[in-house]
Structures are given as structure tokens and as C-alpha cells.
There are 2 protein chains.
Amino acid sequence: MTIKALNDVEIPQVCRSCSARHDGMCASLTPAELGVLATHTRHTHHRPGEALAIESDEITSYANVTDGVVKLSRVLRDGRQQLVGLQFAPDLMGRLFGTESPITAEAASEVDLCRVPKLVLETLVAGSNELKRRLLDQSLQELDEAREWMVTLGRKTAAERVASLLLLVASRTAGGSEASPVSFELPLGRGDMADFLGLTIETVSRQISKLRNEGLVTIENHRHVTVPDLAALRRRAG
Amino acid sequence: MTIKALNDVEIPQVCRSCSARHDGMCASLTPAELGVLATHTRHTHHRPGEALAIESDEITSYANVTDGVVKLSRVLRDGRQQLVGLQFAPDLMGRLFGTESPITAEAASEVDLCRVPKLVLETLVAGSNELKRRLLDQSLQELDEAREWMVTLGRKTAAERVASLLLLVASRTAGGSEASPVSFELPLGRGDMADFLGLTIETVSRQISKLRNEGLVTIENHRHVTVPDLAALRRRAG
DNA sequence: CGCAGGTTTGAATGTCGTCAAACCAAGTGG
DNA sequence: CCACTTGGTTTGACGACATTCAAACCTGCG
């Protein structure tokens, strides 16, 4: 597949079913480029726990998360696991020119992806300075998030860690609105929360109970969280 | 300063005193571009503990670390501190188009920098696809390193963390040679090690003593480390 | 109803943090 | 030259917080 072939697509036709969620990769493209993109995307749905095989896979593609949450994790040889990132819609997953590092991607909830073959996206990137810039910005933002989380893992108490995670989920799923009260669904079970926070399941559960007793959150069905005062929770998060 | 003005520099003259350490930013430039770079660089030396004010500073520049080690850190409001990265020569510090995040940079040891004004480097970047690519690669590598360290902070024991740090320093200062025994100087004091590892000074000291008793390292003057068996230390690091 | 998976709670243990003192090397001044 | 300070490191005793092991508890589902 050559650049010429890609540009020969006749009708600029936007990837209809998910274009609204395509900010990560579409916002900087021309109509023609969007047309190219639309003809090569493939939409897939995944169940919770399903491996997505985006990273450290030779035959790799890139994907926009159009719905749901994807967890990125690394494991030690003896089985200890640490989540190193969460991807919410509309994040772009996968890495151009990627140096392989043994990260695995897995659906945390029901997940919809809009996949793009590696070659197509790389060709589009080669022709778009805007897209290059966006890619750099995305990786820098992920770097900032990773470093922020290093502070959480290295210096916060268990209760502060849990509060930090609740804030993170709230900011990414509840539209980033600053207004309290906020209400949202946890995309992660207690086990995944523990793996993200560097704690055990039991400790996570205890600290959630503690935050509940402190009146900082109310919880129904183990998953549905309501935060009456976002600022108070933020204070509790250290 | 315009692109034209930059390109009008007459003699391609390499940044003499540190070009050998310039891999990070020079390797992909044309002779003319190197000339531009050379006429605008400024070399500075810094004492341990000196703030470098690279990030989160409005009047910012970029810099190659030509010698020594720089520590990047974040602090919580109540003063708790976490190192989120170490920059060894010849890393490039600073961030193009940076979204500000409150990271501070400080010399960990005696440090030599080769600074480049923000505008100059951004202009060079605009004209060089190779340089854009290198910048992306660098940020992706830092992302990998940050995530690797998240595993260390979230899932490793105190002794494993210390072993991990010794391996990190060994790999970056001892030329990346895989051959044992390896010998190197620690660029960090116990306090900085603790801040990087998410531990206290006392715990770091105790764990170092433990590794010494286990025969995995020998230490002189609190700073000079010898690792008789790199593979054994790697095993101990989890 | 009863099972299965995930969650919560309890009691005991252990690892790391806190507080405190001793140690050590280098530098200063009498 | 030696006493004294200073900053960093090491070691010890104790306590707190998170883990471990174990049991009880939901919630959804066959």
C-alpha cells in the first residue's frame, strides 16, 4: 500500500459510527484524509477481561477507544501485577514506531474500539504535521499522567490512593465537570483497583468503607459512586 | 528571530565542547543546522542541589545533559516529595510545546548542561522530520521508564526497590555493559534515593546493609558501589 | 433454592515508618 | 594538633499501617 493509493480514495466519507469520538486522531485531518481513514477502520467490541493485544504484538494496529475503559498492565516474573495506565474514550491506543516494552492491554469494561492498520496510520502521520504534533502531545500527556501516578504510588497512604483513583475516574467519565455532586460507574473491580493502586483487594475495600464512613462518597451495588463534594475528596487525596 | 535568520549562519561550526555528548539532539541535523545550533548554545555548570528551572518556567530553554545527573521531582502540598525521573548524559531535557505540569528539575550531582533557547530548537524541529521523530522517541522512552518505575513503586519490596535503583544507575553510568563485576559512583544521596523509591532514608540504609550482607554488593564511602554479579542483583530486583 | 464470584469484615502477622541515638568523615577554629 | 561542629549515614526500639489468612456476606443467576 502506497501513499498514492491511499490518496486515491474518491469520496471523503467520515467514519460514521464513531467519528464523534475520534478527537484523538481525526481532528487534525483534511476531509480527504478522513476519507482514507474511514475506508480502513474496523470496529470491534470486547468483553471485560478480554486481551486486546495492541502492544508487544508484531502484527499490530492502532485504535481509538470509542467506549469503555482499557487497562494497561505490566507483570513481574513471579506474577505480581501493576496497572500502569487506563485509557478512556476517546484516547488513541498503540504506539507509532514503538520500541517494544512488555505492556499488555485488556478490556476493563465493555469496550468498543475503532481500529486502524498500522501502515495506514503511519502513512497519514507522515503527511500531516498536525497529526505528528498530536501524537507527541498525547505521549507527553501520558508521561505526565504516569509521573503523577508515581507520586500516588510512592508517597500516598492507602486512603489517599483510593481517593485519587475515584477522582481520576470521575474526571474522565463524568465529563470533567467540576460541579458537585458527581455520580459515575466504576469501570474497575476491586482487584483491578488494587493492581492500579499498589495495594491488596482487602485494603482497597477497607479504605472505600472508610471514605464512605467519612461521608466523602456514597456507593451502591459496589460500583455506582456518588461524590457529594469533589473538593473535599480532592483534599483527602493528598 | 526568524527561520531565515537562523539559516543565514555562514559557517557550519559544530558545538565543539560537547558535540560528542549531543546524540539526543544533533545526530539528525544537517551541517548547516548544526552550525545554527552551535552559535546559539550556552554551556552552564551546576552544583548539587541547584534548581535548574527547566520545566514550569515561562522563559524556558532546552538542554542536553552533557555530564552528571539531573533529578525530576514532584511534591505534594504537605511537602511529601517523589522523584519521577533521572536524566543522565546525554539526555535531552525540557519539553517542546509543553503542557505545564509542576515538575521541578534539580542537579543531583555536579552537572554540565548545553542549553538551547526554546525558539531556536523549535525552529529547527519545524524543519526536520528526523528531529521530530527523535523527540517522539525520547518521550516514548521516558514513558516506558516511568511505567517501569510504577511497577517498582507499586509492587516491589524495599530491598527489591533498592536493587532496582542500583541496576538503573549501573546501566546508565557504567556504559550499559552487561559484564560483571561492575563498579560505579552513586549520584544520589540516601535522601534522594528514598524519594525516588518511595521509602524513608532509614529504610534505604537498612536495605543497602542487607544487600551488602547478602553479598550482592560491596560499598565504600557510602557512594562507591561494586556489583560482583549483575544477574544475581537483577534476580534480587524482582 | 443454592451455587459462584466478587466484596466486606475480622484477627493476627509483618514490613516499613517514626523517633532517637550513635557513628563517621570532612571542615573549622582555637 | 586536637576539640568541636556539621551533614550525612547507620543502627536500634517501638509503633502504625498494610498484608495475610480466614470467614461471612451480598448479588446475580442457573
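The sequence lines fix the lettering, A, B, ..., with proteins before strands; numbering per chain opens at 1.
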Counting heavy atoms from C-beta on, name the nucleotide in D/dT11, C/dT9, D/dT19 closest to the side chain of B/S209. D/dT11
Hey, are A/R147 and B/E142 close enough for a salt bridge, meaning a charged N less than 4.0 Å from a carboxylate O? yes
Separation of D/dA22 C1' from A/E202 CD (nearest whole Å): 10 Å
Between C1' of C/dT9 and CD1 of A/I208, the distance in whole Å: 14 Å
Calculate the interatomic distance between A/K210 atom NZ and C/dT9 atom P; express it in whole Å. 13 Å
Please determine if A/R172 and A/D91 form a salt bridge, counting it only when a charged side-chain N lies under 4.0 Å from a carboxylate O. yes
Between A/K71 and A/D195, is the closest basic N to carboxylate O distance under 4.0 Å? no
Rounded to the nearest angstrom, tell me the gap between atom CG in A/L153 and atom C1' in D/dA18. 15 Å
Looking across every strand, which nucleic acid part, if any, lies under 4.0 Å from B/L199 by heavy atom: base, sugar-phosphate, or nothing? sugar-phosphate
For A/R206 and D/dA18, give me the distance from atom CZ to atom P, rounded to whole Å. 11 Å
Taking 4.0 Å as the cut-off, does a side-chain nitrogen or oxygen of B/T203 come that near to OP1 or OP2 on C/dG17? yes
Between atom CD1 in A/I219 and atom P in C/dG6, what is the gap in whole Å? 18 Å
On DNA chain D, more 5' by nearest nucleotide between A/N221 and A/T200 is A/T200
Of A/R190 and A/R155, whose closest DNA chain C nucleotide lies nearer the 5' terminus? A/R190
Between B/D144 and A/R74, is the salt bridge (charged side-chain N to carboxylate O under 4.0 Å, His left out) condition met? List the steps. CA-CA 11 Å; B/D144 284 340; A/R74 297 190 51 150; over 6 Å; no
Gap between atoms CD1 and P, on B/I201 and C/dT18 respectively (whole Å): 11 Å
Rounded to whole angstroms, how far apart are CG on B/D195 and P on D/dG8? 13 Å
